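These notes are about the structure you will find just below.
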Amino acid sequence: ACAAMGGSKGADGGFADITNQVGAWDMCKVLSIDSVYERTNAVGYISDPAHIGLGSASNSEAISCSAMLESPLTDEDRNVRYDVLLSVFPGKSTEHVDDMWEIRQGGFFRDTVENNSRGLTVDDLVIDKDIEGAWDRGHAYALFGTEGEVAGGSGSMIVNVRTENYMVELYMHLPDDPAKTQAVRYELSPEEVDSRTSLTFDRVEFANWVVDEHIHEMFEAVTDALEDDSAVRR
């Protein structure tokens with residue numbers, strides 16, 4: 001692979017297909033779960049970080065690092081668990097990347113926001129914004145219960161950033177917050193609901209950290225690996 005080009009353009013300045021290069025990586029060495037682990041005060045893995053290659057049943061066009069983490073509750077003797085999936089989607093053409101963007105971003109909006117199985121609606125989007133960065137296009141959605149009847153309810157978030165020829169993604173589950181759910185059940189005031197938490201991390205702060213910092217670190221890690229992947233190959 002012409003790695004010196006950084007993977008974003010071919011030698012002639014045209015489209016460069018990085019599929020073979022990215023396909024040789026151990027994605028957990030490129031996109032580490034460590035930062036998410038630390039930020040969510042995780043205490044262990046339900047399933048350890050694992051590399052998932054192209055053609056998987058869950059996400060055939062992505063190469064990913066997948067894990068399930070657990071984080072303690074302050075007021076109950078149990079842990080919440082949540083999946084994290086960090087991925088690169090290499091494109092066969094710019095149009096292919098366009099299609100994958102629509103499947104991931106458009107699909108999340110349709111399936112998770114508009115047709116939510118947990119009673120959440122578009123009004124419960126904690127984040128819905130374009131992200132500026134070293135890429136051509138970026139957007140994030142984060143949806144979980146923060147107020148009203150659904151306060152404390154679990155949810156998920158997806159962040160995609162793309163260039164002409166590939167896309168980088170963070171997709172994860174955000175755990176429920178039992179203290180908030182209980183406060184709603186007891187019909188406490190919105191201020192009371194807001195002040196109570198069982199989690200050892202703030203979900204809103206965490207989601208904003210992903211968008212403001214972590215997706216930039218992920219994109220940079222992929223850029224660096226495209227230039228020199230000697231340390232991250234499987």
Side-chain angles (χ1 to χ4, degrees), residues 8 27 30-42 58-59 61-69 71 82-91 94 97-118 120-147 150-177 199 201-223:
S8 59
M27 198 52 77
V30 180
L31 299 177
S32 167
I33 305 276
D34 290 353
S35 295
V36 171
Y37 188 99
E38 287 162 20
R39 281 275 167 170
T40 55
N41 292 320
S58 57
N59 222 336
E61 298 186 300
I63 302 163
S64 309
C65 182
S66 165
M68 184 186 277
L69 289 61
S71 181
Y82 43 100
D83 297 297
V84 181
L85 190 66
L86 309 178
S87 308
V88 176
F89 290 73
T94 302
V97 183
D98 294 342
D99 290 346
M100 293 191 292
W101 175 276
E102 174 51 33
I103 287 166
R104 301 303 291 165
Q105 280 283 310
F108 184 91
F109 190 78
R110 278 190 307 276
D111 302 340
T112 303
V113 181
E114 291 186 312
N115 298 299
N116 190 275
S117 57
R118 298 191 182 97
L120 298 170
T121 69
V122 69
D123 295 333
D124 298 303
L125 277 166
V126 177
I127 295 174
D128 171 9
K129 69 175 185 181
D130 293 330
I131 318 168
E132 298 292 319
W135 42 76
D136 298 339
R137 188 179 182 190
H139 193 86
Y141 290 114
L143 182 78
F144 50 93
T146 56
E147 54 191 33
V150 295
S154 62
S156 51
M157 73 180 295
I158 190 169
V159 186
N160 292 94
V161 295
R162 61 158 293 183
T163 65
E164 175 181 63
N165 56 327
Y166 64 93
M167 183 166 74
V168 178
E169 177 183 285
L170 175 143
Y171 177 77
M172 69 177 283
H173 176 74
L174 291 157
D176 63 304
D177 191 337
L199 298 173
F201 69 98
D202 184 303
R203 298 182 300 172
V204 176
E205 283 176 14
F206 171 78
N208 280 300
W209 166 78
V210 169
V211 172
D212 296 338
E213 295 181 42
H214 193 46
I215 195 65
H216 293 264
E217 294 160 359
M218 288 173 58
F219 187 80
E220 195 173 325
V222 172
T223 305

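All values derive from a computational prediction rather than experimental measurement.
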Table please: side-chain donor-acceptor pairs of residues 205-216 below 3.5 Å, with sequence neighbours left out.
{"from": "Asn208", "atom 1": "ND2", "to": "Val204", "atom 2": "O", "distance (Å)": "3.0"}
{"from": "His214", "atom 1": "ND1", "to": "Glu217", "atom 2": "OE1", "distance (Å)": "3.0"}

Would you give the length of the straight line joining atom [atom1] of [X] to atom [atom2] of [Y], rounded to the nearest 0.5 angstrom?
{"X": "Leu69", "Y": "Met172", "atom1": "CG", "atom2": "CE", "result": "7.5 Å"}
{"X": "Phe109", "Y": "Glu102", "atom1": "CZ", "atom2": "CD", "result": "11.0 Å"}
{"X": "Ile103", "Y": "Asp111", "atom1": "CD1", "atom2": "CG", "result": "11.0 Å"}
{"X": "Asp136", "Y": "Met167", "atom1": "CG", "atom2": "CE", "result": "13.0 Å"}
{"X": "Ser156", "Y": "Leu85", "atom1": "OG", "atom2": "CG", "result": "12.0 Å"}
{"X": "Met27", "Y": "Leu86", "atom1": "CE", "atom2": "CG", "result": "9.5 Å"}

- Message: Tell me whether Asn160 contacts the main-chain N or O of Glu169 through its side chain, where contact means a donor paired with an acceptor under 3.5 Å.
- Response: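 Side chain of Asn160 to backbone of Glu169, a donor-acceptor pair under 3.5 Å: no, none is there.
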- Query: Has the side chain of Ser71 got a donor or acceptor atom that lies under 3.5 Å from a matching backbone atom of Thr40?
  - Reply: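 Side chain of Ser71 to backbone of Thr40: a pair is present.
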Is the closest side-chain heavy-atom distance between [X] and [Y] below 4.5 Å?
{"X": "Ile33", "Y": "Cys65", "answer": "yes"}
{"X": "Asn59", "Y": "Tyr171", "answer": "no"}
{"X": "Thr112", "Y": "Met157", "answer": "no"}
{"X": "Glu164", "Y": "Val97", "answer": "no"}
{"X": "Asp177", "Y": "Phe144", "answer": "no"}

Non-hydrogen atoms of [X] and [Y] that approach each other most closely:
{"X": "Arg203", "Y": "Gly145", "value": "NH2-O, 2.7 Å"}
{"X": "Ala140", "Y": "Ile131", "value": "CB-CD1, 3.8 Å"}
{"X": "Ser154", "Y": "Arg118", "value": "OG-NE, 3.2 Å"}

- Flag this pair as yes if the NZ/CZ of Arg104 is under 6.0 angstrom from the six-membered ring centre of Phe89 and inside a 45 degree cone about the axis; otherwise no. no
- Determine the sole option in Val122, Asp124, Leu174, Thr121 for which the side-chain contact (heavy atoms from CB on, under 4.5 Å) test with Leu143 is passed. Asp124
- Task: Show your working on side chain to side chain contact (heavy atoms under 4.5 Å, CB included) between Tyr37 and Val84 and close with a plain yes or no.
- Result: CA-CA 9 Å; Tyr37 188 99; Val84 181; over 6 Å; no
- Message: Does Glu132, at its CD atom, have more than 12 non-hydrogen atoms belonging to other residues, nucleotides or ligands within less than 6.0 Å?
- Response: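 Incorrect, the count does not exceed 12.
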- Task: Under the ring-ring contact (aromatic ring centres under 6.0 Å, His included) rule, collect the residues that match up with His139, sequence neighbours excluded.
- Result: Tyr141
- Message: For Phe201 and Tyr82, take the angle between the two ring planes, folded into 0 to 90°, and tell me which bin it lands in: parallel under 30, tilted 30 to 60, perpendicular over 60.
- Response: tilted
- Item | Criterion side chain to side chain contact (heavy atoms under 4.5 Å, CB included) on Val222 and Tyr166, from CA distance to verdict | CA-CA 10 Å; Val222 172; Tyr166 64 93; 3.8 Å; yes
